[in-house]
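Before any comments, here is the structure.
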Amino acid sequence: MSMRHAVKVRGGGAVAVVAVLALTLAGCGGDKDEPTGTQSSSASKPAAGAPQGSAPAADQSASAPAAVIATATGEEGVILEVTEAKRDGGGFLTVSGQLKNTGAKDFTHTTAWRGNELTGSGESVAGATLVDKAGKKRYYVLRDTEGRCLCTTGVNSIGAGKSLPFFVQFPAPPASTAEVEFSLPTFATATVKLSG
């Protein structure tokens, strides 16, 4: 095979990869709030073999809420729900979930959640900590080189009846640690089982 043919084959492979990625992204880009006329016809049809009136299987799995593994109560009807505490590659542990305002008024007292440190993160959940009781060690939120937390920022209010997703990254405890205590200022402490 000449070099010229090899280049054509590689170019064709790259075009195929780009086409697959474009189709994948196009399939993920739909918004449920779009007007009915702008959705593709395949998105509105039930999957082959699905009963009439049921949603396609992909839509059911995408809309399924994540399982809550820990809950902590806070002020004025705000609840912290942890849905995942997973070890990542590189020695990190990411805790994620949502903050729910079950109250009748907007919740605006989020300043305490950033903790005592004044950093470039602004309103955030940088005050979160993990305690490994077995290892007798406390972990603080990781920071980037400019002092900003590796966590959700811009947390200045949660509307009444609304939820706000959050994430926080910590150094990972040893592999032998199966659970930790997760704390965020103004919330009760929650015991969280680790995965990954």
Side-chain angles (χ1 to χ4, degrees), residues 24 28 58 60-196:
T24 302
C28 295
Q60 290 173 350
S61 65
S63 63
V68 175
I69 60 173
T71 303
T73 55
E75 300 174 330
E76 299 178 33
V78 178
I79 298 171
L80 180 145
E81 294 180 340
V82 177
T83 56
E84 187 174 53
K86 185 175 181 182
R87 288 182 170 90
D88 300 329
F92 304 116
L93 175 79
T94 302
V95 176
S96 56
Q98 60 184 350
L99 296 157
K100 282 184 168 180
N101 181 358
T102 63
K105 297 189 306 187
D106 291 357
F107 183 80
T108 58
H109 306 157
T110 63
T111 304
W113 297 350
R114 72 177 176 197
N116 294 330
E117 295 183 61
L118 295 176
T119 66
S121 303
E123 302 295 329
S124 66
V125 291
T129 59
L130 288 181
V131 174
D132 174 5
K133 286 180 116 177
K136 298 181 181 177
K137 190 166 185 182
R138 180 183 303 268
Y139 296 89
Y140 294 94
V141 178
L142 290 169
R143 313 272 182 202
D144 67 13
T145 55
E146 296 177 5
R148 292 183 299 245
C149 72
L150 299 183
C151 68
T152 300
T153 59
V155 183
N156 50 20
S157 69
I158 305 174
K162 302 285 184 183
S163 297
L164 176 75
F166 78 90
F167 82 94
V168 191
Q169 278 196 323
F170 299 95
S176 59
T177 301
E179 65 181 27
V180 293
E181 289 186 349
F182 178 79
S183 296
L184 183 65
T186 74
F187 288 92
T189 300
T191 301
V192 177
K193 292 193 182 300
L194 306 183
S195 63

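Numbers here are sequence positions counted from 1.
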For residues 182-193, run the donor-acceptor check on the side chains, cut-off 3.5 Å, and write out each pair with its distance to 0.1 Å, sequence neighbours left out.
| unit_1 | atom_1 | unit_2 | atom_2 | d |
| --- | --- | --- | --- | --- |
| S183 | OG | T189 | OG1 | 3.2 |
| T186 | OG1 | W113 | NE1 | 2.9 |
| K193 | NZ | E179 | OE1 | 3.3 |

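- Within the structure, ring pair (Phe, Tyr, Trp, His ring centres under 6.0 Å) pairs that include any residue of residues 81-106 do not occur (at least two apart or interchain).
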> Are V95 and V82 close enough, and set up right, to give a side-chain contact (heavy atoms from CB on, under 4.5 Å), and what steps lead you there?
Replying inline: CA-CA 7 Å; V95 176; V82 177; 3.8 Å; yes

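- Among all heavy-atom pairs drawn from V168 and A128, the shortest one is CG1-CB, 4.1 Å.
- When all heavy atoms of A160 and D106 are compared, the closest pair comes out as N-OD1, 3.0 Å.
- R114 CZ to T153 OG1: the interatomic distance, rounded to the nearest 0.5 Å, is 12.5 Å.
- Atom CG of L150 is separated from atom OG1 of T94 by 9.0 Å, given to the nearest 0.5 angstrom.
- Of the inter-residue distances, the one linking T108 atom OG1 with E123 atom CD reads 10.0 Å to the nearest 0.5 angstrom.
- Heavy-atom minimum distance, V141 versus A126: CG2-O, 3.5 Å.
- Judged by distance alone, the side chain of N101 and the main-chain N or O of K162 form no donor-acceptor pair under 3.5 Å.
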> Can you list the steps and then say if N156 with T110 is a side-chain hydrogen bond (donor to acceptor under 3.5 Å, both in side chains)?
Replying inline: CA-CA 6 Å; N156 50 20; T110 63; over 6 Å; no

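- Counting heavy atoms from C-beta on, the side chains of L80 and F166 come closer than 4.5 Å.
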>> I'd like to know whether R87 forms a side-chain contact (heavy atoms from CB on, under 4.5 Å) with L194, so could you lay out the CA-CA distance, the side-chain angles of the two residues, the decisive distance to 0.1 Å, and finally the verdict.
In response: CA-CA 7 Å; R87 288 182 170 90; L194 306 183; 3.6 Å; yes

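- Judged as a side chain to side chain contact (heavy atoms under 4.5 Å, CB included), and not counting sequence neighbours, the contacts of S96 are T83, E84, F167.
- Contact annotation: the side chain of P174 approaches that of D132 to within less than 4.5 Å [non-hydrogen atoms, C-beta and beyond].
- Put simply, OH on Y139 and CG on L130 are 8.5 Å apart, with the number rounded to the nearest 0.5 Å.
- A 4.5 Å side-chain heavy-atom check between I79 and L99 finds every atom pair outside the cut-off.
- Residue pairs meeting the salt bridge (charged side-chain N to carboxylate O under 4.0 Å, His left out) criterion with at least one member in residues 69-78: none, sequence neighbours excluded.
- The side chain to side chain contact (heavy atoms under 4.5 Å, CB included) check on Q98 picks up E81, K100, S163, with sequence neighbours excluded.
- Minimum heavy-atom separation, P173 to L93: CD-CD2, 4.0 Å.
- One finds the OG1 atom of T102 at 10.5 Å from the CD1 atom of I158 (value rounded to the nearest 0.5 Å).
- For K133, the salt bridge (charged side-chain N to carboxylate O under 4.0 Å, His left out) partners are E181, not counting sequence neighbours.
- To the nearest 0.5 Å, atoms CD (Q169) and SG (C149) are separated by 10.0 Å.
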